[in-house]
Structures are given as structure tokens and as C-alpha cells.
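The structure under discussion appears below in the form of C-alpha cells.
Only a predicted model underlies this, so the values are computations on that prediction, with no experimental measurement involved.
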Amino acid sequence: MIDLDDIDRKLLRALSQDASQSAGALGRRFGLSQPATWRRIRRLQEAGIITGRRLLLDHEALGFGVTVFLGVKLATKGRVSLEDFERAISAIPEVQSVEHVLGLYDYRLRVVARDLSDFERVLRRRIMTMPGVGNVEANVLLSEERRPGPLG
């Protein structure tokens with residue numbers, strides 16, 4: 001792990017809020033030249049602290065007004081490998097994230113759907129028919145507050 005100074009933390013905070021900002025704009029904001037800013041960003045990438053840049057989509061604006069978190073307990077881990085389940089569940093476009101967790105369930109999924117009827121279709125026809133799926137618990141997202149990362 002590399003030592004982070006205040007400027008590194010400010011860069012990370014700014015990039016986590018909007019990764020499309022140019023090195024020049026960030027440099028002006030934090031009193032650095034564009035090349036110095038780019039060298040810092042490159043160093044953070046090489047250290048594995050910055051692992052990529054993602055475009056966040058507004059699912060609701062795209063017509064997916066329902067988000068559901070599913071807890072999935074596999075029926076028998078011996079018959080279906082975890083890797084097989086992860087590969088199969090990741091092929092379902094409505095499944096936005098797959099997290100292998102410790103607790104009551106083996107996986108936590110974030111699923112988007114156009115409405116509850118659409119979610120029911122995805123659940124019944126795509127998820128519950130997968131080999132190895134045992135218990136499933138659904139929690140419908142009512143609202144979401146986006147918070148900055150651990151750097152503020």
C-alpha cells in the first residue's frame with residue numbers, strides 16, 4: 001500500500017464523485033499542473049487504488065423503476081459450484097451486482113426491473129429455475145441516498 005497525502009485523498013474524493021473530470025481541471029482545483037495531477041492519478045492506478053472508471057446509469061430514467069435486493073441461499077453447494085452459479089446469474093441482464101456473502105444467505109443480488117410484475121417474471125423464470133437455488137428473500141428498495149466513499 002502506498003502512503004496517501006492530502007492531495008491524493010482530495011483527488012480520490014473528486015474522482016469518486018465524477019470520474020469524467022480532466023487532469024487539467026483537477027489540477028487547477030487543487031493547485032497542481034496537469035502533468036503532476038496525471039502522474040498522481042497514474043500512481044494511484046498502478047497501486048491498485050483506482051481500479052477503473054465507471055459510468056453510472058439512472059435505471060429509473062431507463063424505465064427500470066424497481067430495484068430489489070435478493071438474498072439467495074443455494075440448496076446444495078456440492079451439486080452446483082459457486083463459480084457455476086456466479087457465471088449463470090451474471091448472465092441475467094437484470095442482475096446488476098452479485099456479492100458472495102457470509103450469513104443467512106450465500107449471495108446478495110441487486111436486481112432491476114421495469115415494475116413488480118416484471119420482477120416477478122425475472123424471479124420465477126430466470127432466477128428460481130437455476131440449478132442449485134434454494135431459498136430466496138426479496139427486499140424492495142424504497143429510496144436510496146448516495147453517499148461518498150470513506151474519504152468523504
Side-chain angles (χ1 to χ4, degrees), residues 1-74 80-119 121-123 125-127 130 132-133 136-152:
M1 185 164 146
I2 65 171
D3 289 328
L4 300 177
D5 63 18
D6 287 339
I7 300 276
D8 292 330
R9 285 183 177 80
K10 288 177 183 177
L11 283 171
L12 290 169
R13 190 175 305 116
L15 287 170
S16 70
Q17 292 170 352
D18 180 5
S20 69
Q21 298 177 77
S22 70
L26 289 167
R28 285 188 297 278
R29 186 169 162 189
F30 302 122
L32 299 172
S33 68
Q34 186 272 339
T37 304
W38 181 244
R39 280 192 300 274
R40 282 178 177 266
I41 292 170
R42 178 65 117 194
R43 183 175 63 95
L44 294 167
Q45 289 172 330
E46 289 171 356
I49 293 171
I50 296 175
T51 59
R53 297 180 185 196
R54 292 178 182 84
L55 182 68
L56 297 177
L57 303 176
D58 184 331
H59 293 109
E60 195 167 332
L62 291 168
F64 295 92
V66 172
T67 299
V68 180
F69 295 100
L70 286 182
V72 177
K73 181 81 169 170
L74 298 182
V80 176
S81 76
L82 300 177
E83 292 83 14
D84 290 341
F85 174 78
E86 290 169 9
R87 189 172 23 264
I89 201 73
S90 294
I92 299 172
E94 292 87 355
V95 175
Q96 298 297 295
S97 67
V98 178
E99 299 169 333
H100 188 201
V101 296
L102 180 64
L104 295 175
Y105 294 94
D106 298 309
Y107 288 91
R108 180 176 175 253
L109 311 178
R110 183 182 182 117
V111 180
V112 295
R114 297 196 181 284
D115 52 34
L116 286 175
S117 176
D118 185 39
F119 169 72
R121 179 194 57 79
V122 171
L123 180 65
R125 295 184 186 165
R126 307 283 312 270
I127 297 171
M130 293 179 61
V133 171
V136 175
E137 179 180 291
N139 292 284
V140 177
L141 178 69
L142 297 178
S143 66
E144 181 176 32
E145 176 189 339
R146 299 247 177 196
R147 305 177 111 201
L151 296 175

Item to check | Those residues that, when tested against E144, pass side chain to side chain donor-acceptor pair (under 3.5 Å) (two or more places apart) | outcome: R110

Next on the checklist: Working to the nearest 0.5 angstrom, can you tell me the gap between T67 OG1 and N139 CG?
Outcome noted: 12.5 Å

Checklist entry - What residues, two or more places apart in sequence or in another chain, satisfy side chain to side chain contact (heavy atoms under 4.5 Å, CB included) together with L116? => result V66, V140

Checklist entry - Could you go step by step and tell me if L44 and L15 meet the side-chain contact (heavy atoms from CB on, under 4.5 Å) rule? => result CA-CA 12 Å; L44 294 167; L15 287 170; 5.9 Å; no

Item to check | side chain to side chain donor-acceptor pair (under 3.5 Å) involving D118 - partner list, sequence neighbours excluded | outcome: R121

Checklist outcome for this item: In terms of heavy-atom contacts, R43 and D3 come closest through NH1-O, 3.7 Å

Checklist entry - Residues in side chain to side chain donor-acceptor pair (under 3.5 Å) with D18, at least two apart? => result S20

Item to check | With sequence neighbours excluded, residues passing side chain to side chain contact (heavy atoms under 4.5 Å, CB included) with V101 | outcome: E99, R108

Checklist entry - So do the side chains of L123 and V68 get within less than 4.5 Å of each other, counting heavy atoms only? => result no

Item to check | Qualifying salt bridge (Lys or Arg N to Asp or Glu O under 4.0 Å) pairs, either residue in residues 22-31, two or more places apart | outcome: none

Item to check | Set of side chain to side chain donor-acceptor pair (under 3.5 Å) partners for R42, sequence neighbours left out | outcome: none

Checklist entry - Where is the tightest heavy-atom contact between A138 and F119, given as atom of each residue plus distance? => result CB-CZ, 4.3 Å

Item to check | side chain to side chain contact (heavy atoms under 4.5 Å, CB included) partners for I92, two or more places apart | outcome: I89, E94, V95, V122, R126, I127, M130

Next on the checklist: Per the side-chain hydrogen bond (donor to acceptor under 3.5 Å, both in side chains) rule, what does the pair list look like for residues 32-41, sequence neighbours excluded?
Outcome noted: D5-R40, D8-R40

Item to check | Side-chain heavy atoms of D84 within contact of R87, under 4.5 Å | outcome: yes

List, one per line, each side-chain donor-acceptor pair under 3.5 Å for residues 52-64, sequence neighbours excluded.
from	atom 1	to	atom 2	distance (Å)
R53	NH1	A19	O	3.4
D58	OD1	E60	N	3.0
D58	OD1	A61	N	3.0
H59	NE2	Q96	OE1	3.1

Checklist outcome for this item: Taken in chain and number order and not counting sequence neighbours, the residues that satisfy ring-ring contact (aromatic ring centres under 6.0 Å, His included) with Y107 are F85, H100

